[in-house]
Amino acid sequence: MLRIYNTLSSAKEEFVPLIPGRVSMYVCGVTVYDNCHIGHARANVAFDLVFRYLRHSGYDVTYVRNYTDIDDKIINRANRDGVPFNVISERYIKAFDEDMARLNLAIPTHQPKATEYVEEIIALVQKLVDSGAAYQTEGDVYFAVEKFDGYLKLSHRNLDDMLAGARVDVDERKHHPMDFALWKAAKPGEPFWSSPWGNGRPGWHIECSAMSMKLLGETFDIHGGGKDLVFPHHENEIAQSEAASGKPFVRYWMHNGFVNINSEKMSKSLGNFFTIREILENYDSEVLRFFLLSAHYRSPIDFSDQNLADAEAGLDRIYSALSGMEELLSKDGSADPSGTAQVANEAVAELTEKLAGLQHRFCEAMDDDFNSALAIAHIFDLIRSLNRVLADRNASGAPLTALFRQVRYEIATIAEVLGVLNTEPGGYLARMKSRKSSTLKIAVHEIEALIAERASARKAKDFKRSDEIRAHLLEMGIELLDSPSGTEWKVK
RNA sequence: GGCGACGUCGCCAAGUGGUAAGGCAAAGCUCUGCAAAAGCUUUAUUCAGCGGUUCAAAUCCGCUCGUCGCCUCCA
């Protein structure tokens, strides 16, 4: 039974979709005016996980993630660069798509753009004006928050307290200081659409209501986004949507926690943010995704070199074990094509048992509000058992084809949900090696020449020279790994 | 000022009533010519502090201390 933390009730609730077997979910994507940062990566990975797990659980999921492609920030950027606004929005839609692809995000069912739904937006605003929930003033249309009873029910506040905070700009044209724009009159030179209130464009918030209700209906199951969107964005979406439809807008509101940079809040104004692109120059995209999944999606997560390095070490450990297994499997496969031969010992028994319970434990973790951190711990548990068998098997030489194939299958099943560990292990390790090699001050052919020299030295029992070479390479950041089949090297 | 979250081993991080997962780091041993990897063993009688409820609390309640977030564009 899946339980989801619902911001609306501040509690975990059993998940019961509106229509049995089907889930409708909407996630606030991005306003496309700049490259995405690590915070966007987190939010999108978090809801990608939700999407994948719901599918894995057997639901038919309709997942909508929007692009807000008309907005003040886009217009500002376009003016600065001296280009039409859609040059900016299209540029950053493309950049977003590329970034998300690198993070291995599944493609949502629909990816609507605000500018393609202006007709629906206008209709929605008109409906609100007609019902008295909104009012027009000098070409702008505002939503009257006092007309909506449930206002602030998501962020659990009240209007008086909000005003006491007193960072609300006073605008004489507003009936109430907290009223927000549904439609903005176009200033000279700004892009506009014609409307019953004159030329203008949608305000922020209304596009999400229009697109989600059009694609998912007036009431749908899950709406997600970053914690910072609770107020005002989602609060306003509720107000607009429910005032218009008279029905509950969303059943489960989900919000992911922030990314901190070295324990400080990351924000554009502080200037301490990293774009996804910058991070991927230094870290593998799978390591970044693995790192993001290593904490629960609602907890704050601290982005630092230390923490990324830890995540990388952990992922390396998993892939190394899997790679060792695949190597044996490729040998066993020919010796034992039926895959029936087995040896029974303690390690094998333990791995068999862990394997049998893996999917159950995985689902139990994920059912508890998508606890990916716990799910990953279960994988590490399995890897430990696998390593035990691997160590054993190296001694006994017994074929374990069937067991290893089962491990491969179970891992792949989980990998499909987490969106990590999808790479062929040898491929991952090679990728990491080449990434790290590019930072080395020594050429690969030189390393290999030294390894060859060391091999002959060892053959001649010249261990002094052999150790000199090992030490020299270690200084260069190269670690040598001797094995019966020869010497491998890796970047430390 | 209002609202809210959090404080678990050196670091990261699960655990929301039944007696402390997992990862990283560290130490010893096995293996190795020496190493590395891997395995084994060890590393929190204790969950910021103090009280309370309970047969039983990291988990519930209260207070104190500390950190952080939202209230303005923000994932």
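Note that this is a predicted model, so its numbers are computed, not measured. Note on naming: letters A, B, ... go to the chains in the order of the sequence lines (proteins, then strands), and numbering restarts at 1 for each one.
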At less than 4.0 Å, is any side-chain N or O atom of [X] found next to OP1 or OP2 of [N]? Yes or no.
X        : N      : value
A:Ser299 : B:rA14 : yes
A:Asn371 : B:rG15 : yes
A:Arg454 : B:rC34 : no
A:Arg458 : B:rG33 : no
A:Arg317 : B:rG39 : yes

Closest listed nucleotide, where the reference is the side chain of [X] and the choices are [options]:
X        : options                : answer
A:Lys265 : B:rC71, B:rG69, B:rA75 : B:rG69
A:Asp310 : B:rG39, B:rA14, B:rC24 : B:rC24
A:Leu481 : B:rG2, B:rA36, B:rG23  : B:rA36
A:Asn256 : B:rA75, B:rC3, B:rG39  : B:rA75
A:Arg388 : B:rC24, B:rG33, B:rG39 : B:rG39
A:Asp368 : B:rG22, B:rC71, B:rU16 : B:rU16
A:Ala377 : B:rG39, B:rC3, B:rG22  : B:rG22
A:His37  : B:rA75, B:rA21, B:rC71 : B:rA75
A:Lys490 : B:rC3, B:rA38, B:rA37  : B:rA37
A:Ala295 : B:rA13, B:rG22, B:rA36 : B:rA13

Does [N] pair with anything, Watson-Crick or G-U wobble, both distances under 3.5 Å, and if so, with which nucleotide?
N      : value
B:rA21 : none
B:rG1  : B:rC71
B:rU54 : none
B:rU32 : none
B:rG7  : B:rC65
B:rA26 : B:rU42

*asked:* Taking only the C1' atom of each, what is the distance from B:rU59 to B:rG15 in whole angstrom?
replied: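 Here B:rU59 and B:rG15 have their C1' atoms 9 Å from each other.
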*Using the rule for Phe, Tyr, His and the six-membered ring of Trp, do A:Phe380 and B:rG22 stack at under 5.5 Å and under 30°?*
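By the stated criterion, A:Phe380 and B:rG22 do not stack.
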Using 30° and 60° as the class limits, which term best fits the ring planes of [X] and [Y]: parallel, tilted or perpendicular?
X        : Y        : result
A:Trp253 : A:Phe249 : tilted
A:Phe143 : A:Phe180 : parallel
A:Phe51  : A:Tyr63  : tilted

_Closest-nucleotide 5' rank along RNA chain B - winner of A:Cys28 and A:Tyr5_ =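 Residue closer to the 5' terminus by nearest nucleotide: A:Tyr5.
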*Between the base of B:rC34 and the side chain of A:Asp482, is there a donor-acceptor distance below 3.5 Å?*
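Indeed there is one.
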*Examine the base of B:rA35 for any acceptor or donor lying under 3.5 Å from a partner atom in the side chain of A:Arg470, and report the outcome as yes or no.*
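Answer is yes: a donor-acceptor pair is held.
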*Have A:Ser285 and A:Arg102 got a donor and an acceptor in their side chains that come within less than 3.5 Å?*
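Their side chains do not contain a donor-acceptor pair, so the 3.5 Å distance test is not met.
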*Validate the cation-pi geometry between A:Arg317 and A:Phe380: distance from NZ or CZ to the six-membered ring centre under 6.0 Å, angle to the ring axis within 45°.*
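No cation-pi geometry.
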*Applying side chain to side chain contact (heavy atoms under 4.5 Å, CB included) between A:Glu468 and each of A:His472, A:Arg470, A:Lys464, report the one that passes.*
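Single side chain to side chain contact (heavy atoms under 4.5 Å, CB included) partner of A:Glu468 among A:His472, A:Arg470, A:Lys464: A:Lys464.
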